[in-house]
Structures are given as structure tokens and as C-alpha cells.
Participant: 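I have a structure I would like to understand better, so I am pasting it below and will then ask my questions one at a time.
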Amino acid sequence: MAAAGLPANGPRAIVVVREADGRLRDLAWAPAADTEVTPVHLDEPDGLDVLRHSTAHVLAQAVQDVFPEAKLGIGPPIRDGFYYDFDVEKPFQPEDLGKLEKRMQDIVKAGQTFRRREYSSLDEAKAELKDEPFKLELVDIKGSDDAVDESDVSVEVGAGELTHYDNLNKDGERVWGDLCRGPHLPSTRLIPAFKLMRSAAAYWRGSEKNPQLQRIYGTAWQSRDELKAYLNRLAEAERRDHRKLGTELDLFSFPDEIGSGLVVFHPKGGVIKREMEDYVRARHIEEGFQYVGSPHITKEGLFHTSGHLPYYKDTMFPPMELEGANYYLKAMNCPMHNLIFRSRGRSYRELPMRLFEFGTVYRYEKSGVVHGLTRVRGLTQDDSHSYVTAEQAPDEIKHLLNFVRSLLDDFGLDDYYLELSTRDPKSDKFIGSDEQWERATKVLEDVATESGLELVLDPGGAAFYGPKISVQAKDAIGRTWQMSTIQYDFNQPAGFGLEYQAADGTRQEPVMIHSAKFGSIERFFGVLVEHYAGAFPAWLAPVQVVGIPIRDDHADYLAEFVAKLKKAGIRAEVDYSTDRMQKKIRTAQQQKIPFMAIAGDDDVNGGTVSFRYRDGSQRNGVTIDEAVAHVVEVVRSRVNTGPSAA
RNA sequence: GCCGCCUUAGCUCAGUCGGCUAGAGCGACGCACUCGUAAUGCGUAGGUCGACGGUUCGAUUCCGUCAGGCGGCUCCA
């Protein structure tokens, strides 16, 4: 290849080739007949996958060198890296990673080549792999011709022939090998930069019923610079982490005394929360919803009727018994709203009937999954239920999706996609007939497709009572969280015996559409903090303007300015601390306050203030009236960028 | 829930190979300084070393249980 003048080293190295049908092949591959192939470079997505998969092999070899008794699981490439699962006597300790990394460096430097070898039969493979119980299981799965398309397994065994990769040293001796479909880099020398990140347990083949293996996560890149850039991105993400910013900006906390997953909002967090609530309450009214309210606990019968106790009990807090009845904290608001609908006879003229409330629900999330504001045990949903005729359902769903999109837009969130969660027909965790599910799913799918937004399918992810569309947004670390949801429910109306009187005098069952626009206030809040890295747009900022006097005796002047701002509805204060001006600026900067209004002798004499914006830009000598109008305009406009002098 | 790691002042973190009064920076408070765009100086207060048991002459340090946190896995209406 070098002879052909093509890159064999560096980030642009050609590492594998792609056949016309898209299949990737080793460079050493010798096709049976002349075939057109395209080169795949290390730094393109497929090339990086190959790099990461080969690095996973290097890791596995290192692990078996250092811990000879370790049994191999699987080791696929993942986003930004790879992992490999092992069955070992003792879980890996953090210091083991350093040892393994060193051993991997040696393997990389040794320039081992990957040699593909095809097994002639299942028995041959099984004989060679007799000491690798998990690999044997994979061979058996393949032998039974079942589930080979499962992505986790296919990395190892693939479709068609069963192959093995041997690692050969410089003298052509076999030093290690692994059952694998490939393809691989020509040599371990082509691994330019990698790092082991962490170890964790993972269930074999992803099932809780299987034994746990020890997984090591690593990352690998086409160059040292790319690795460094990746590590920088992780560090940046850490700075945006809402749990860290929540403390630094004094927004919220999770007191141990209250319990895991239960948040308290501090005054500054309370401002943002209230802005969110005020916004979404007003918007619901505009969109035709009626504001209602319901209690936090209820007798168990209600949750039997709704289907929650049979289908959702594990996620509910255990009951409390009083006066001979069991009371449950509510995990969902819908049953309550159904009772409002059912409280008197309903006419078709009332439909769509839209009920909305901030419903605080409690869910017993498993201890290992509670996570900051994004996975909590007590949360408030901006929850609504639209009761409609079956014919009205598509339009109502469209209406709700538009509502959700405009809300995300107003809060400046643009990095999201839609997910369509459907039932798993093989599972018994879903209520209702095939026809009902198909009809409901079709309605949601049509609306989602029509929206033109990116749509990802999520088979088996539906609620027990019906399919849903959800908005998935990313947090700082790239994890996606479900935010807004729209769910089609044909079960609860039947369970509750909901009905309305139609124009022809008959009694009909309405369709119920659940929707939450933020999803939960807590989770949306968390994602918002990370999206803005704590530097909230002026309209959301807990403190919008801080007055910074240059000398103490300028404070009174600023107090008058701040009073005018407050009168105009702006959240403003004067920094009366004994710090020097420079320190006050630093403090305001760290608190990410959008406007600093500085005043010294010049401003007092001229009847002006000097703005310093969050981005460091300045506008000096702005008259008081102009300054008030400026702040009011920025806040009122709800722009999500700036402010800045630029 | 499972596996691993972690828990020392409000925050970030030293430290104790089991031994008298456990340290720092930031923050808070006080005094001095009165200053034009990211840290003025000095001083003071603040900790039953997550909780409870055990081992020991002696435990913040070792062991166990629990709670809370972190990273994954599973789960996620």
C-alpha cells in the first residue's frame, strides 16, 4: 500500500476496505474474484470502530496476561471507545487499570498482526474454545441459528462463517487469539492513542438473571490530539454537570435527612422553577387546558382500577394503612383526572376536554438509578389529559406535539429527537388487544413522522396502557433523558367506564391522551442547567442585575437604580459586601449574573451606569432610564442568548 | 436491586502505617483599607472525621451492618 502511495500510518491510514455491499474486510483479505473495494481510513466512523474493536482485543490479551484465569465475554466498540467483559475471581480495582494499560502499551509497541482464521465446523470451534465458557455459549447460540442479529453477540460471531483472530508477534508466533468476526487493524501498531477509563459490573448478555461480569471501559482515537480533545470534552462536561452547578449556584440540594432522590429547591433555584411553572401554566391555559388539582395519596382501589397496582406496583412506594384501608402515594396523576371527568355526565360538546395540573408524584426508583435531578423519587409533572373522541385523537396529538415543540423552542433547547415507544407483543406487561395497540401506534407514528423531526423507534418501551411519543434530550455527558411525553391511552377510559353522550344520543367511550410538556419540572430543570452551563438567559436568571459600586459611597446611587429595576419587575440587587470592586465583579461573574451595573464617580456625576455583561463586554455611560429600558427589553424578549454589548 | 469505589469544616481537598490539642484554600463573620472592570490585608469562628455495632489498653484510621454519594449494569409509565 505504501508502494501505491496510500497512507499506511497516521490518522488517515487505510485500515480496512469496504466491499460494494458495505461489508468491511481486513486488508489481508483475498477475495475469490476481482472485486471493487473502497479504502476505509482510520479517522472515519467505520475506521474508528475497527480501531476501538482492535483495542478491545489488546485489552483482553492484556487482561489474560495479567490475570490468566480471566474468562472472556464480549468486547465491542461503542461511542467514543470500547469495552470488554471478563469473568474474573476478584473485580478489577482502580489500580489494576494502570497495570493493564502498561501491558497494552507493550502489546501495541510489539506490532502484533491480526490473522483471520475460519473454523471448518462448530465442533472445531468448540474444541478450541473449551476453556472459554462464554465464547462457547456464543458458538452455541450461533449453532442454534438464533439471535445472531442481536448487536451484542453479532460483534463476536457475526453472520455466516465462524471465525477466529490470532495475534501474531514479529516472528509470526501466535501469542493470543479470540473468537471474532472482525475485521481488525492490520497491526496493533496502528493504535495511536487509547486510555482505560473505568471498570464496572455488567450482566452477561444484558440480563439481570445472568451472572455479572467485570467490564472495563476504554477510549481510543486516531491521534494523541484527538484523545486529548476527548478528555477535554469530558472535563468540560463535568463543569456543566447540574449536580455540581446546583451547589455552586445555590439552586437546590438533596439533604440526606430527607432521603435519596428527594430534592429541595433553594431560593435561587426556586426563581427558575417558578419561571418555568408560570410559563407553562399560562401556556396551558392558552392552549385550551383547564387547571385542576388532586391529592398526593389515595386509597388503593383507584390504582387497581387504573391498572397501576397490577402493572406498576414495584415502582410505587409501599402502602400505609389507616382506618382499615391501604393508602398509596400517587405515582401518576391520570386516575385522579379520570375521576374529574367522571364526576358528572359529559357531552360530546365538551370534547376535547383538557385537564392540567402540576402533579407531584412519588416513584420508588431503585437505589442504584437515582441520579441528580434527572432521576428522582419525588417529582412534579406538568401533567395533562385530553379526553377526545377517537376521530379527534390525531388532531389533538398534533396539537400537543406542536405545543411541546414551541415550549422547547422558548427554552432554547434544540438538541433533541423523538422516540416512539411501542409494546413488546411477546410481553404480558401491556394491556389491550392487538388491534387497539396497532391503531394507537399508527396515530402516533403518523403525527411523529409528519413533524419531520428525527424519530427513533423504541420497541417494548411503551407504558402498560398505551404507546407514546417522547422527546429525548441530551445532558452534558451525552446521556439522553426522556422529557416531554405524549401517550395514547385506550385502556383507562374502559377501566374507569368513562363515557360521553354523542350527538346521536348514544354513549361513547372517549380516548385519553396523556401529555407532560416539561416531563418533570426536576428533570427539565437539570437539563436546562446543563444546557446553559448555569449561565441562564436573562429571563430565567435568578438574579438578573447586580449593582457594583466602585466605592462604598456609590452604593446609594445604585440602590436607586435597582429600585427602579425592581419596580419594572426585574430581579436586581446591590452588592453591599465589603469586597473591593474587582472582587465583586469576580463574584458576579462566577454567579453567572447576566448584567453587572457598575457605578463610580463618573457615573454618579453623569447620571449613568456602566454595564459589564457576562461575556466580559462593556457598555459604559448608559443613562439610568436607558439602562432600565435596556434590561427590561432583554428580559421581556426572552431571548436565550447574551446579553452582550456586541 | 447488582458490582466496584467513595464519605474528614458550608464547598474543594490534605492527613492519621491504630496513640496527646485533625490541617489548608475558598466561603462566613470581624477590623483596617475606599479602590473604574475576574481574588486588598490581618484576624475570628467553624469538625462527636456519614451513623451504629465489633476488635483493641486506645478507633477518624482495622472489621461488620446501615445510610448517602459516584461510575456502570438492570430498570425507567
Participant: Between A:R523 and A:R614, who's closer to the 5' end of RNA chain B by nearest nucleotide?
Facilitator: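 Counting from the 5' end, the first nearest nucleotide belongs to A:R614.
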Participant: For nucleotides B:rG50 and B:rA14, find the distance between their P atoms and express it as a whole number of Å.
Facilitator: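 Straight-line distance between the two P atoms is 14 Å.
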Participant: Does a donor on one side chain and an acceptor on the other come within less than 3.5 Å for A:Y203 and A:R205?
Facilitator: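 Judged by distance alone, the side chains do not pair up.
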Participant: Once you apply a heavy-atom cut-off of 4.0 Å, does A:D579 come out as touching a base, just sugar-phosphate, or nothing?
Facilitator: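 Contact class for A:D579: none.
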Participant: Categorize A:S367 for me: base, sugar-phosphate, or nothing, with a 4.0 angstrom heavy-atom threshold over every strand shown.
Facilitator: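 Base, at least one base heavy atom under 4.0 Å.
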Participant: How is A:M332 classified with respect to the nucleic acid when contacts are heavy atoms under 4.0 Å: base, sugar-phosphate, or nothing?
Facilitator: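 If one applies the 4.0 Å heavy-atom cut-off, A:M332 turns out to touch a base.
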Participant: Specify whether A:H308 and A:F464 have parallel, tilted or perpendicular ring planes, treating 30° as the upper limit for parallel and 60° as the lower limit for perpendicular.
Facilitator: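 If you compare the ring of A:H308 with that of A:F464, the planes turn out perpendicular.
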Participant: Distance criterion of 3.5 Å, no angle test: do you see the side chain of A:R375 paired donor-to-acceptor with the base of B:rC76?
Facilitator: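 For A:R375, whose side chain was compared with the base of B:rC76, there is a donor-acceptor pair (under 3.5 Å).
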Participant: Regarding B:rG50, can its base be found pairing with the side chain of A:D256 as donor and acceptor, where the two atoms are less than 3.5 Å apart?
Facilitator: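 Absent.
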Participant: Nearest to the A:R586 side chain among B:rC73, B:rA38, B:rG69, which nucleotide is it?
Facilitator: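 Minimum distance to the A:R586 side chain belongs to B:rA38.
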Participant: Identify, between A:T315 and A:G621, the residue whose nearest nucleotide on RNA chain B lies closer to the 5' end.
Facilitator: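 This one resolves to A:G621.
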Participant: Would you say A:Q214 and A:D85 are linked by a side-chain donor-acceptor pair, where the criterion is simply a distance under 3.5 Å?
Facilitator: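 No, A:Q214 and A:D85 have no side-chain donor paired with an acceptor closer than 3.5 Å.
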Participant: Side chains of A:L400 and A:E396, heavy atoms from C-beta outward: is any pair under 4.5 Å?
Facilitator: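 Sidechains of A:E396 and A:L400: in contact.
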Participant: How would you label the contact of A:Y364 with the nucleic acid (heavy atoms, under 4.0 Å): base, sugar-phosphate, or nothing?
Facilitator: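 Since only primed, P, OP1 and OP2 atoms lie under 4.0 Å of A:Y364, the category is sugar-phosphate.
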Participant: For B:rU21 versus B:rC26, give the span between their C1' atoms, rounded off to a whole number of Å.
Facilitator: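 Comparing C1' positions in B:rU21 and B:rC26 gives a spacing of 25 Å.
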Participant: Report the distance from atom NZ of A:K366 to atom P of B:rC3, rounded to the nearest whole Å.
Facilitator: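 One finds 13 Å between P of B:rC3 and NZ of A:K366, rounded.
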Participant: Base, sugar-phosphate, or nothing for A:R580, non-hydrogen atoms under 4.0 angstrom?
Facilitator: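 A:R580: base contact, heavy atoms under 4.0 Å.
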Participant: How many Å lie between CZ on A:F92 and C1' on B:rG71, as a whole number?
Facilitator: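 My rounded result for the distance is 16 Å.
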Participant: Ignoring backbone atoms, test whether A:H371 places a side-chain nitrogen or oxygen under 4.0 Å from the OP1 or OP2 oxygen of B:rG71.
Facilitator: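 Checking B:rG71 against A:H371, a side-chain N or O does come within under 4.0 Å of OP1 or OP2.
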Participant: When all nucleic acid strands are considered with a 4.0 Å heavy-atom cut-off, which category describes A:A201: base, sugar-phosphate, or nothing?
Facilitator: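 Result for A:A201 = base.
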Participant: With a non-hydrogen cut-off below 4.0 angstrom, is A:A331 in contact with a base, only sugar-phosphate, or nothing?
Facilitator: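 If one applies the 4.0 Å heavy-atom cut-off, A:A331 turns out to touch a base.
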Participant: Within the structure shown, what part of the strands sits under 4.0 Å from A:Y203 by heavy-atom distance: base, sugar-phosphate, or nothing?
Facilitator: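 Base contact - A:Y203 has a heavy atom under 4.0 Å of at least one base atom.
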Participant: For the side chain of A:K583, counting heavy atoms from C-beta on, which of B:rG1, B:rG69, B:rA39 is nearest?
Facilitator: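 Output: B:rA39.
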Participant: Using a heavy-atom cut-off of 4.0 Å across all strands, would you classify A:E248 as base, sugar-phosphate, or nothing?
Facilitator: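 Here A:E248 touches no strand at all.
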Participant: Using a 4.0 Å heavy-atom cut-off, does A:K429 contact any base of the nucleic acid, only the sugar-phosphate backbone, or nothing at all?
Facilitator: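 The residue A:K429 makes sugar-phosphate contact but no base contact.
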Participant: Does any part of the side chain of A:T480, heavy atoms only, come nearer than 4.5 Å to the side chain of A:Y417, both counted from C-beta?
Facilitator: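 They are in side-chain contact.
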Participant: For A:K313, does the NZ atom have more than 12 heavy-atom neighbours from other residues, nucleotides or ligands under 6.0 Å away?
Facilitator: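 12 or below, so no.
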Participant: Any donor-acceptor pair, under 3.5 Å, between the side chain of A:S610 and the base of B:rG36, if you only look at N and O atoms?
Facilitator: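 Yes, a donor-acceptor pair under 3.5 Å.
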Participant: Would you say the base of B:rC76 and the side-chain of A:E365 have a donor-acceptor pair closer than 3.5 Å?
Facilitator: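 Under the 3.5 Å cut-off, the side chain and the base do not form any donor-acceptor pair.
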Participant: When the distance from CD of A:Q582 to P of B:rC35 is rounded to whole Å, what number comes out?
Facilitator: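 Going from A:Q582 (CD) to B:rC35 (P), I get 11 Å.
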Participant: Within the structure shown, what part of the strands sits under 4.0 Å from A:N620 by heavy-atom distance: base, sugar-phosphate, or nothing?
Facilitator: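 Here A:N620 touches the bases of the nucleic acid.
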Participant: Using a 4.0 Å heavy-atom cut-off, does A:F254 contact any base of the nucleic acid, only the sugar-phosphate backbone, or nothing at all?
Facilitator: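 No contact at all - A:F254 keeps every heavy atom at 4.0 Å or more from the nucleic acid.
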Participant: Across the strands shown, which category fits A:A202 at heavy-atom distances under 4.0 angstrom: base, sugar-phosphate, nothing?
Facilitator: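 Answer is sugar-phosphate: A:A202 comes under 4.0 Å of backbone atoms only.
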Participant: Whole-Å distance between B:rG36 C1' and A:F611 CZ?
Facilitator: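 Rounded to whole Å, this separation is 16 Å.
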Participant: Describe the nucleic acid contact of A:D602 in one word from base, sugar-phosphate, nothing, applying a heavy-atom distance below 4.0 Å.
Facilitator: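 Result for A:D602 = base.
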